[in-house]
Amino acid sequence: MRIKKFVAGSMQEATKQIRHELGNDAVILNSKKIQTRRFLGLVKKQGVEVIAVVDQDFSDARKAKQQVQPAFREPAPLPENPVQLELASQVKELKTLLETRHEQPADVLPGPLKQTDRLLAKQGVSQAIRTKALSRLLSTSFEAGEQWTEEKALRRVTEILAELLPENPEGNAAIRSKYVVLFGATGVGKTTTLAKLAASSVLEKQKKIAFITTDTYRIAAVEQLKTYAELLHAPLEVCYTKEEFKTAQQKFADFDHVFIDTAGRNFKDGQYVRELKEIIPFERGIQAFLVLSATSKYEDMKELVKQFSSIPIDQLILTKVDETDSLGTVMNLLAESRIGLGYVTNGQNVPEDIRSVSNASFVKLLTGC
Ligand SMILES: Nc1nc2c(ncn2[C@@H]2O[C@H](COP(=O)(O)OP(=O)(O)OP(=O)(O)O)[C@@H](O)[C@H]2O)c(=O)[nH]1
Ligand SMILES: [Mg+2]
């Protein structure tokens, strides 16, 4: 790879020099307007300073390919506006470099974009998503003479990341079904989060609510939910079987919302998912949330989503975001699973430590932008 700085009176002149010295495969990494001085420094003149790079391996491989396949060479575009054409070709080349250099895309990026890429990598955003986001940034917002700044690049990439997430309009997370069920691995915060949701239904929307728990594995689990139910003056039914669940549903016929808690189990064992489905009729009028902890490993979260693929999950709830600084793995999971995120929780306090999220607010949490 060869990098060189060029100083010229105009962008056209600079691109001419670059093409002459580095060839048609050169890519502009950065350009800025400068003032040059002539005649012993007495006369100032506007100019540009351009840093360009050529990836020799890439260039040679492309030339070799063109020589072998001359019939497939694209016809050269008509030179309407040389600067525009040159920029368009640079963007194309940079995108190709990005997409073909999967191991280290940051290598070929201009400085501010490199910073953005590093920040996302530090957050744990996968290489595939970073490449996609930066390629989209290059195709959509590269304007003639525009100076990249770190802030601008990060802001734009944040918007692009939101576009890569599954559709999840703002307000979608609202509790809208009569039955709301939370399930997920042990200790992720299901019961606490259920209490937060139930409390805001009562306190903010004055709804009449009840609780059901199917967590009959631990005595303490029932006690924990009973405490919240008493605080909210809401009835609680403990259900061991499908029949008991049906009876509880009849009992709560005239309630606005029934919040259902479930036992945390090692759901890698498909047996537990089957047990859950045996008691709760997931198909009708039930808003189902899979609860994941932001502190979990990506592979474990992915496996869990897979194990629950036979249950119609409405949205995910992400707990314990206060315990981690990196939400990249969640970004990867959402983009891959195509399930939207409804809420994030950020502490142990009931009911305040919960907020509903849209794609836009989630990516802002991720990039801090
Ligand atoms: N830091 C932090 N802790 C949380 C959050 N949500 C829940 N917790 C804590 O996590 C612990 C487990 O919470 P529970 O609500 O009992 O979790 P669970 O998923 O119901 O657990 P099991 O029913 O045993 O599977 C408790 O100490 C909660 O206070 C959160 O957003 N942030
Ligand atoms: Mg629990």
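By convention here, the first residue in the shown sequence is residue 1. Just follow the structure's listing: the first ligand is 1, and inside any ligand the first atom is 1.
- A continuous path of hydrophobic side-chain contacts links L225 to L182 [ILVMFWY only; heavy atoms under 4.5 Å].
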### Message
ring-ring contact (aromatic ring centres under 6.0 Å, His included), that's the test. Do Y228 and F259 meet it? Break it down for me.
### Response
CA-CA 12 Å; Y228 291 121; F259 290 91; over 10 Å; no
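- Between the side chains of D322 and Q348, no donor N or O sits under 3.5 Å from an acceptor N or O.
- Near the Mg ion (ligand 2), less than 2.8 Å away, sit the protein N, O or S atoms T191 OG1.
- Distance check, rounded to the nearest 0.5 Å: CD1 of I286 to CG of D314 gives 10.0 Å.
- The pair K122-D325 does not meet the salt-bridge criterion, since no charged nitrogen lies less than 4.0 angstrom from a carboxylate oxygen.
- Taking a cutoff of 4.0 Å between a charged side-chain nitrogen and a carboxylate oxygen, E13 and K16 do not qualify as a salt bridge.
- In terms of the side-chain hydrogen bond (donor to acceptor under 3.5 Å, both in side chains) criterion, residue partners of D353 (sequence neighbours excluded) are, by chain and number, N349.
- Not a single heavy atom of A221 sits closer than 4.0 Å to an atom of ligand 1.
- Residue-ligand proximity, G264 to ligand 1, at heavy-atom distances under 4.0 Å covers atoms 25 (O).
- Geometrically, ligand 1 and A263 share no nitrogen or oxygen pair separated by less than 3.5 Å.
- The shell of residues lying under 4.0 angstrom from ligand 1, judged by heavy atoms, includes Q224.
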### Task
List the steps and the verdict of side chain to side chain donor-acceptor pair (under 3.5 Å) for T345 and T193.
CA-CA 7 Å; T345 77; T193 306; 4.6 Å; no
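- On a distance-only criterion, G347 and ligand 1 share at least one N/O pair closer than 3.5 Å.
- Distances below 4.0 Å separate heavy atoms of T345 from the following atoms of ligand 1: 30 (C), 31 (O).
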In residues 229-247, what donor-acceptor pairs under 3.5 Å come from side-chain atoms, sequence neighbours left out?
| from | atom 1 | to | atom 2 | distance (Å) |
| --- | --- | --- | --- | --- |
| E237 | OE2 | K251 | NZ | 2.5 |
| T241 | OG1 | E244 | N | 3.1 |
| E244 | OE1 | Y240 | N | 2.5 |
| E244 | OE1 | T241 | N | 3.4 |
| T247 | OG1 | E243 | O | 2.8 |

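- Taking a cut-off of under 4.0 Å to the non-hydrogen atoms of E323, the atoms of ligand 1 that pass are 1 (N), 2 (C), 3 (N).
- Proximity to N346 (heavy-atom distance under 4.0 Å) selects the following atoms of ligand 1: 31 (O).
- Looking at heavy atoms from C-beta onward, L290 lies out of side-chain contact with F267 at the 4.5 angstrom threshold.
- Against a heavy-atom cut-off of under 4.0 Å, D322 is close to the following atoms of ligand 1: 1 (N), 2 (C), 30 (C), 31 (O), 32 (N).
- Looking at V188, T324, T186, T192 and measuring to atom 14 (P) of ligand 1, the nearest heavy atom belongs to T192.
- Considering backbone and side-chain N/O of T191, one or more are found under 3.5 Å from N/O of ligand 1.
- Here side chain to side chain donor-acceptor pair (under 3.5 Å) pairs that include residues 263-282, with residues two or more places apart or in two chains, are Y217-R265, Y217-E275, R265-Y272, K268-D300, Q271-E275, K277-S310.
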